[in-house]
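Comments concern the structure below.
Values below: every heavy atom of this structure, side chains too, minus hydrogens, waters and symmetry copies.
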Amino acid sequence: MFKIGALLLGVVLCTGCAAAAPPAGPASSSPASSSPATAVPAGPAPSSPASSHPASAAAFTLVAHRGGALVHPESSAEAFEAVGKTAYPIETDLRQLRDGTLVPLHDDAAERTMSGLSGPPAGISEEQWAAARIRHPLGGAEGTPTTWEAMLDLYGGRNILVPELKDPAIDPAAFAETILQRGIQDKVVVQTFSFPAAQALARSGLQVLYLLRDGEEPDPASISSSGIGHVGPHKSISPGYLGRLKDSGLTVWPYTVNDAATAARLREEGADGVFTDTPWELAKQLGL
């Protein structure tokens, strides 16, 4: 398992949500309907406060959630192009079209963000996808749909890419191969809410960010010992648990933070960065 912290050094660098079930843990408030995955055992009470792990301004990472979804058309080619000109990691959710093509799409249906398309991506052809458009959050010009393959061609090895395997039909092993074959695993951090999938991706040699739902606090040592180097907790994470994650050597990027007060608090408590829909504005507000 590679550690991205050493690679990013002083560079200022979101989650998404996922359908896969989280592991059981103490103080979990995940929906009762979620089916349990392989559990990460509960850990001991925190031995040191989170404030013992302050994140420096130079190291605080702003991950451009869905390409900056409050600034540009969500997960569009234009959004990724704008982020690609910065040092912010490019975050996106991935789902499969009818022919298996991976595309950036958060929802399990297209109509919330797209015009000219509706229904689940599994029923959409690549031609239909390319002909559609993505609505602008502020009513501006619509954006252009793209594909994961196109993102790899444009940004792979150049920018930090933070894909989330949103679609449970995506095979983690096959996905890992697309990264390993290009030799860009030091520039990709793969996200998932599924602990078994996170373990499998880490075993394959990828950098992995394990996502946690609000209230979940699985044992940090069990996460890090699985080869997972990053954790994406909900922004309401407690200072004590954040400190335990840092004590286990994990990089912590809470999601999804769009206000400076919350970002500043999390940075003070030791977070290494945050997922945000507005990285440019948040960087300005935080003085980064």
Side-chain angles (χ1 to χ4, degrees), residues 2-16 55-94 103-106 113 134-138 140-164 179 182 184-191 207 209 229-230 232 235 251-264 266-267 271-288:
F2 299 95
K3 298 280 185 176
I4 195 170
L7 295 166
L8 296 181
L9 297 177
V11 179
V12 176
L13 295 180
C14 359
T15 149
S56 69
F60 198 68
T61 301
L62 300 182
V63 185
H65 187 238
R66 305 179 201 170
L70 290 180
V71 182
H72 300 284
E74 183 176 307
S75 301
S76 65
E78 291 80 4
F80 299 140
E81 181 181 8
V83 181
K85 297 174 182 177
T86 74
Y88 305 134
I90 305 172
E91 194 272 350
T92 188
D93 307 278
L94 295 179
V103 296
L105 181 67
H106 174 270
T113 57
I134 304 173
R135 299 184 190 93
H136 196 290
L138 304 175
E142 291 187 314
T144 308
T146 187
T147 67
W148 174 241
E149 190 71 18
M151 291 181 68
L152 287 174
D153 289 341
L154 288 168
Y155 310 113
R158 191 185 84 187
N159 298 85
I160 302 295
L161 299 176
V162 190
E164 180 187 336
I179 306 302
R182 290 175 178 256
I184 58 172
Q185 55 267 33
D186 63 331
K187 291 281 192 175
V188 179
V189 181
V190 187
Q191 313 168 72
Q207 299 183 97
L209 185 146
H230 294 64
K235 62 186 176 183
T251 296
V252 183
W253 292 345
Y255 67 91
T256 300
V257 181
N258 294 325
D259 66 285
T262 301
L266 289 166
R267 183 173 66 169
D272 299 283
V274 294
F275 290 82
T276 178
D277 293 312
T278 177
W280 297 274
E281 181 62 26
L282 196 57
K284 195 181 305 181
Q285 293 174 353
L286 294 174
L288 299 177

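Remark: I134 CD1 to H72 NE2 distance equals 12.5 Å, nearest 0.5 Å. Rounding to the nearest 0.5 angstrom, the gap separating the CG atom in N258 from the NZ atom in K235 is 7.0 Å. With rounding to the nearest 0.5 angstrom, the NZ atom of K187 is 9.5 Å from the CG atom of L161. Here the straight-line distance linking atom CD1 of I179 with atom CD of Q207 works out to 11.0 Å at 0.5 Å rounding.
Put simply, the side chain of Q285 never gets that close to the backbone of D259: no donor and acceptor are under 3.5 Å apart. Distance alone, capped at 3.5 Å, places no donor-acceptor pair between the S76 side chain and the T144 backbone. Without hydrogens or angle criteria, Y155 side chain to E81 main chain gives a donor-acceptor distance under 3.5 Å.
At a threshold of 4.5 Å between non-hydrogen side-chain atoms, the residues T86 and W280 count as touching. Annotation: side chain of I184 is in contact with side chain of L152 (closest heavy-atom distance under 4.5 Å). In this structure the side chain of V162 never reaches within 4.5 angstrom of the side chain of H230, judged on heavy atoms. Side-chain atoms of D272 and T61, non-hydrogen and from C-beta on, never get closer than 4.5 Å to each other. Looking only at side-chain heavy atoms (C-beta outward), R182 and D153 come within less than 4.5 Å of each other. Put simply, the side chain of E142 reaches to within 4.5 Å of the side chain of R135, judged on heavy atoms. In this structure the side chain of F80 reaches within 4.5 angstrom of the side chain of T92, judged on heavy atoms. L105 places a side-chain heavy atom less than 4.5 Å from the side chain of T113.
Shown here for G143 and E78, the closest heavy-atom pair between the two residues is CA-OE1, 3.3 Å. Nearest approach of P73 to P137, heavy atoms of both residues: N-CD, 3.7 Å. The nearest pair of heavy atoms linking P163 to V188 is CD-CG1, 3.9 Å. Nearest heavy-atom pair across G232 and Y255 is O-CE2, 3.2 Å. Contact between G68 and P279 at its shortest, heavy atoms only, is CA-CD, 4.2 Å.
Proximity of the aromatic rings of W253 and H65 is defined here by a centroid distance below 6.0 angstrom, and this criterion is not met.
For the pairing with L282, the side chain to side chain contact (heavy atoms under 4.5 Å, CB included) check across T262, V274, L288, D277 returns one residue only, V274.
In summary, D93 and R66 engage in a salt bridge, as defined by a charged side-chain N under 4.0 Å from a carboxylate O.
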